[in-house]
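This report concerns only the one structure given below.
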Amino acid sequence: MSGMLYLCGTPIGNLSDFSPRGVEILQSVDFIAAEDTRHSLKLLQHFGISKPMVSYFEHNKRERGEQIIKRLLDGESAALITDAGMPAISDPGEDLVLLCHQNGIEVSPVPGPCAAIAALAASGLPTGRFCFEGFLTVNKKGRREHLQGLLKEQRTMIFYEAPHKLCATLSDMLQILGNRRIALAREMTKLHEEIVLTTLEEAEEKYRETPPKGEFVLILEGCGEVEESFETTPQERLAELIASGVSKKDAIRQVAEERKLPKREVYAWTIEE
Ligand code: SAM
């Protein structure tokens with residue numbers, strides 16, 4: 001009979017968030033598959049767990065995935081852990097879980113912290129309907145296309161973001177989606193935890209002046225049921241109005257009002273052109 005793959009959520013900062021069941025499972029399995037074995041060794045040592053580990057990460061997942069599946073089919077049991085949070089959520093795991101299902105191996109979650117859900121719950125934004133957008137690509141064009149595809153999204157949106165990309169992301173969000181509420185959850189469960197509900201305009205200004213530090217989850221308000229949802233980006237709308245004969249000044253005022261954007265920002269696009 002084949003073994004079982006446990007998906008163990010691990011702390012996203014505070015080690016006390018690791019569940020007693022998580023500890024029990026790591027102690028009981030035959031081996032642990034970890035994203036970064038050196039990083040995970042600290043967690044194991046903290047909880048007095050001594051267990052063989054194999055690495056399983058983005059660049060070895062095909063070959064290593066097959067090896068793990070073979071061991072599970074031979075009757076061993078394993079736990080998959082990543083550097084922080086729930087495996088398979090913007091982390092290695094998705095492919096291994098699918099392989100298990102395809103090979104008739106049972107998968108059992110051992111739920112633990114998930115940065116996306118922790119940030120959403122603490123955001124102050126509607127939690128009834130939400131969607132997870134993960135990381136936006138580093139590529140500017142791809143990032144803007146991704147955001148343009150969210151123009152009509154009514155649900156609260158969750159993004160993961162690295163500090164060095166935060167300013168560019170906030171600026172693109174403001175330009176493409178217009179000013180709206182955003183919660184920034186930084187360094188959750190750690191010493192410098194900070195969760196702020198603000199607007200895109202204020203957040204963009206703040207982090208332009210003070211470079212961001214630490215890990216961030218962004219919780220962005222949806223376009224709202226009562227609000228009009230737009231077919232075009234504000235820049236396209238501006239160009240459309242000017243092309244139809246509306247004066248530049250009136251077009252800027254109209255786009256700023258329609259899209260709830262600061263006039264100086266819309267004005268800046270006319271200079272860029
Ligand atoms: N699988 C993980 C989970 O379920 O939470 C997420 C892994 S993903 C590679 C890492 C991203 O999660 C970071 O770039 C950041 O956006 C977010 N993150 C992780 N820990 C965080 C924390 N303590 N505070 C804020 N964001 C965090």
Side-chain angles (χ1 to χ4, degrees), residues 1-12 17-19 21-41 43-44 49 51-121 129-139 142-143 145-146 149-150 153 155-162 215 217-219:
M1 203 182 142
S2 58
M4 168 92 88
L5 178 73
Y6 295 95
L7 289 180
C8 279
T10 57
I12 58 170
D17 289 339
F18 199 30
S19 74
R21 182 165 168 249
V23 177
E24 271 168 36
I25 295 288
L26 294 192
Q27 271 162 346
S28 72
V29 290
D30 294 304
F31 69 98
I32 296 169
E35 183 180 10
D36 176 344
T37 51
R38 277 203 309 199
H39 176 95
S40 293
L41 191 59
L43 178 82
L44 301 199
I49 301 165
K51 197 58 69 177
M53 273 198 279
V54 297
S55 66
Y56 178 80
F57 53 85
E58 190 54 37
H59 300 293
N60 75 354
K61 67 181 183 188
R62 259 189 80 175
E63 184 198 348
R64 189 51 56 80
E66 280 168 22
Q67 293 165 1
I68 294 171
I69 291 295
K70 184 169 180 318
R71 290 179 70 173
L72 292 168
L73 285 171
D74 285 345
E76 289 189 78
S77 61
L80 177 66
I81 57 176
T82 58
D83 292 350
M86 274 311 283
I89 307 298
S90 289
D91 258 348
E94 192 179 336
D95 305 67
L96 188 60
V97 170
L98 177 61
L99 273 179
C100 283
H101 286 290
Q102 287 169 338
N103 284 277
I105 298 162
E106 279 183 73
V107 178
S108 179
V110 183
C114 175
I117 297 301
L120 175 70
R129 293 182 66 213
F130 61 87
C131 57
F132 178 63
E133 297 296 323
F135 287 100
L136 291 167
T137 157
V138 202
N139 171 276
R143 190 171 67 223
E145 277 169 8
H146 185 153
L150 295 171
E153 181 54 69
R155 294 170 295 180
T156 300
M157 290 158 269
I158 307 176
F159 299 87
Y160 283 161
E161 196 48 286
E215 296 197 278
V217 180
L218 310 179
I219 309 291

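Numbers for residues simply follow the sequence, beginning at 1.
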Checklist line | Nearest atoms (heavy-atom pairs only) where Pro87 meets Leu7 | finding: CB-CD2, 4.1 Å
Check: Out of curiosity, Arg21 CZ to Tyr6 OH, how far, rounded to the nearest 0.5 Å?
Finding: 7.5 Å
Checklist line | Flag if over 12 foreign heavy atoms under 6.0 Å of CD, Glu106 | finding: no
Next item on the list: Verify side chain to side chain contact (heavy atoms under 4.5 Å, CB included) between Ile117 and Met86, making sure each step is shown before the conclusion.
Entry: CA-CA 10 Å; Ile117 297 301; Met86 274 311 283; over 6 Å; no
Checklist line | Test item: His146 side-chain N/O and Leu136 main-chain N/O as donor-acceptor pair under 3.5 Å | finding: no
Check: Just how far is it from atom CZ of Arg62 to atom CG of Asp95, taken to the nearest 0.5 Å?
Finding: 10.0 Å
Checklist line | Leu96 vs Ile69, side chain to side chain contact (heavy atoms under 4.5 Å, CB included): CA-CA, chis, key distance, verdict | finding: CA-CA 8 Å; Leu96 188 60; Ile69 291 295; 4.1 Å; yes
Next item on the list: Give a yes or no on this: more than 12 heavy atoms of other residues, nucleotides or ligands lie within 6.0 Å of atom CD of Gln67.
Entry: yes
Next item on the list: May I have the step-by-step check of side chain to side chain contact (heavy atoms under 4.5 Å, CB included) for Lys61 and Glu58, ending in yes or no?
Entry: CA-CA 5 Å; Lys61 67 181 183 188; Glu58 190 54 37; 3.1 Å; yes
Checklist line | Atom pair NZ (Lys51) and CG (Leu26), whose distance is rounded to the nearest 0.5 Å | finding: 9.0 Å
Check: Just by modelled atom types, is the Asp83 backbone N or O under 3.5 Å from a matching donor or acceptor in the Glu35 side chain?
Finding: yes
Notebook entry, point to check: Where is the tightest heavy-atom contact between Ala79 and Ile25, given as atom of each residue plus distance?
Noted result: CB-CG2, 4.4 Å
Notebook entry, point to check: Hey, mind stepping through Val107 and His101 against side chain to side chain contact (heavy atoms under 4.5 Å, CB included) and telling me if it holds?
Noted result: CA-CA 8 Å; Val107 178; His101 286 290; 4.0 Å; yes
Notebook entry, point to check: Under 3.5 Å, side chain of Asp30 to main-chain N/O of Ala78, donor-acceptor pair present?
Noted result: no
Next item on the list: Tell me, yes or no, whether the heavy-atom count around Tyr160 atom OH, taken from other residues, nucleotides or ligands under 6.0 Å, exceeds 12.
Entry: yes
Notebook entry, point to check: For the residue pair Pro11 and Leu43, what are the closest heavy atoms and their distance?
Noted result: CD-CD1, 3.9 Å
Notebook entry, point to check: At their closest point, which heavy atom of Thr10 faces which heavy atom of Thr82, and how far apart are they?
Noted result: OG1-O, 3.5 Å
Margin query: Can you tell me how far apart NE2 (His59) and CZ (Arg64) are? Round to the nearest 0.5 Å.
Written below: 14.0 Å
Next item on the list: Looking only at non-hydrogen atoms, find the nearest pair between Glu161 and Phe135 and report the distance.
Entry: N-CE2, 4.0 Å
Margin query: Check this for me: Gln102, atom CD, are more than 12 non-hydrogen atoms of other residues, nucleotides or ligands nearer than 6.0 Å?
Written below: yes
Item checked: Residue of the set Thr37, Ile81, Ile32, Ile68 for which side-chain contact (heavy atoms from CB on, under 4.5 Å) holds with Tyr56 -> Ile68
Next item on the list: Rounded to the nearest 0.5 Å, what's the gap from SG on Cys8 to CZ on Phe18? Could you check?
Entry: 5.5 Å
Next item on the list: Quick one: pull up OG in Ser28 and CD1 in Ile49 and give me the separation to the nearest 0.5 Å.
Entry: 10.0 Å
Check: Is any side-chain heavy atom of Pro92 closer than 4.5 Å to a side-chain heavy atom of Leu80?
Finding: no
Item checked: Closest non-hydrogen atom pair between Ile12 and Ala115, with its separation -> CD1-CA, 4.0 Å
Next item on the list: Would you please say whether a donor-acceptor pair under 3.5 Å links the side chains of Asn103 and Ser2?
Entry: no
Margin query: Taking the side chain as everything from C-beta on, heavy atoms only, tell me whether Leu44 gets closer than 4.5 Å to Met53.
Written below: yes
